[in-house]
Amino acid sequence: MERLPDGSVWRDVVDVFEITGHPQTDCCYGWVELIGGRCVWTTRLKVPPVKSAQTAVRAVLMRRARDSACPAE
């Protein structure tokens, strides 16, 4: 469970995948979300600062919040 910047709560299942051949990690986190009426797969490698499923979700949510706060150039 993660709290979003707007105060709502993100609650979903994060899958953990073992990967091979990547020079920095052997693990990846992934989940499916319904965004704008579409199913969207999101993945994050277990590369610092991401060290767990929770920090993977947190990193994605923080990035989205930052990107939505900054107007596109």
Asker: What distance separates Cys28 SG from Lys46 NZ, expressed to the nearest 0.5 Å?
Answerer: 11.5 Å

Asker: Look at the side-chain heavy atoms of Ile, Leu, Val, Met, Phe, Trp and Tyr, link any pair under 4.5 Å apart, and say whether Phe17 and Val32 land in one connected group.
Answerer: yes

Asker: Rounded to the nearest 0.5 Å, how far apart are NZ of Lys51 and SG of Cys27?
Answerer: 14.0 Å

Asker: Linking I/L/V/M/F/W/Y whenever any side-chain heavy atoms sit under 4.5 Å apart, do Met62 and Val57 land together?
Answerer: no

Asker: Atom CD1 in Ile35, atom OG1 in Thr42: separation rounded to 0.5 Å?
Answerer: 5.5 Å

Asker: Which atom pair, heavy atoms only, marks the closest approach of Val14 to Ala53?
Answerer: CG1-CB, 3.7 Å

Asker: Within the supplied structure, the quantity of interest is the number of heavy atoms (other residues, nucleotides, ligands) at a distance under 6.0 Å from Arg64 CZ; does it exceed 12?
Answerer: yes

Asker: What are the two closest non-hydrogen atoms of Leu45 and Ile19, and how far apart are they?
Answerer: CD2-CD1, 3.7 Å

Asker: Please collect all side chain to side chain donor-acceptor pair (under 3.5 Å) contacts where either partner lies in residues 21-31, sequence neighbours excluded, each pair once.
Answerer: Trp31-Glu33

